[in-house]
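Let me begin by presenting the structure, written as structure tokens, before commenting on it.
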Amino acid sequence: MTLIDGKAISAKVKEEVKIAAAGLSAKGVTPGLAVILVGEDKASATYVASKEKACVACGINSYPYHLSAQTAETALLELIDELNADENVDGILVQLPLPKHIDTNKILEKIDPSKDVDGFHAVNVGRLVSGLEAFVPCTPLGIMRLLAEYGIATNGANAVVIGRSNIVGKPMANLLLNANSTVTITHSRTKNLAEICSQADILVAAIGKPNFVTPDMVKDGAVVIDVGINRLENGKLTGDVDFDAVAPKCSFITPVPGGVGPMTIAMLLQNTITSARNRLKRSK
Ligand code: GUN
């Protein structure tokens, strides 16, 4: 069994980002990322702080907007309009979830698709599904990078994704399909879930239920990717996979923490670099 080291690979991506950011800056295009946080959700505030810190560490300008939970939807739409028009902003990220009085889809659709470094805009979703160049959501993009780094073949593989969210499950399935896997998406209503999972060469768990994946759901020699970040009552972080029980059956497995988690921010930075490169091309 090989442990997939997301911390090491994310550090490698960040080094690539640093070099690219310096090169772009030297040409007068310093990459910039606007990060919008609405409200005081603690987990979101922690994620956003990490994103802002990572930008600065890699030579990307960070433009933080921390707005109150009472912010009107119209005010948020206006801010996005301003950022869409701002030359120095290559990426716009609106941290989710948003407060209930704000229509998330309306906000995400307001972001210029060319600055949509989260890959949540319908234009980028459609481009991904069509196999066109697109901004791809950071967590599944990071998982594809982990598979590539460890030489894990997707071609012809049976891939099973547990979870159908717009942020992970659906884009993950499309990326694996584009990479020639035979993909099954499963979710809370799926019948015979354990049996379907046990057929997987690559099993991606993104359901948000601690220790959901047990050894009976895993084929001998499978690659298991754990997207879950669940905080237990004792304060410990645990994934969606019962790691200790499942790991001995796997050829590769990601730990929590230190597996998929660190890749999300690294790929956000990479997407911001891509957007800045596009800005440079447009300016020529
Ligand atoms: N909330 C949980 N994951 C994400 C993410 O990848 N991007 C944004 N914007 N919000 C999130």
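Atoms within a ligand are numbered from 1 in the order they appear, just like the ligands themselves. Model, not experiment: these values are computed from the prediction.
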Before giving the answer on salt bridge (charged side-chain N to carboxylate O under 4.0 Å, His left out), spell out for Glu16 and Lys12 the whole-Å C-alpha distance, their side-chain angles and the decisive distance to 0.1 Å. CA-CA 6 Å; Glu16 294 165 5; Lys12 183 175 168 184; 5.3 Å; no
Taking side-chain hydrogen bond (donor to acceptor under 3.5 Å, both in side chains) as the definition, give me every residue that meets it alongside Asp240, ordered by chain and number, with sequence neighbours left out. Asn230
Between Arg127 and Glu133, is the salt bridge (charged side-chain N to carboxylate O under 4.0 Å, His left out) condition met? List the steps. CA-CA 6 Å; Arg127 292 183 66 88; Glu133 208 165 290; over 6 Å; no
Asp5 side chain to Ala8 backbone, donor-acceptor under 3.5 Å: yes
Anything under 3.5 Å between an N or O on ligand 1 and a protein N or O? List each pair with its distance, or write none.
unit_1   : atom_1 : unit_2 : atom_2 : d
ligand 1 : 1 (N)  : Gln95  : NE2    : 3.4
ligand 1 : 1 (N)  : Leu96  : O      : 3.0
ligand 1 : 7 (N)  : Asp118 : OD1    : 3.3
ligand 1 : 7 (N)  : Asp118 : OD2    : 3.2
ligand 1 : 9 (N)  : Val94  : O      : 2.8
ligand 1 : 9 (N)  : Asp118 : OD2    : 2.6
ligand 1 : 10 (N) : Leu96  : N      : 3.0

What pairs of residues pass the salt bridge (Lys or Arg N to Asp or Glu O under 4.0 Å) test when at least one of them lies in residues 268-284, not counting sequence neighbours? Asp90-Arg279
Return the set of residues passing side chain to side chain contact (heavy atoms under 4.5 Å, CB included) with Pro171 (not counting sequence neighbours), or none when no residue passes. Leu128, Pro137, Pro140
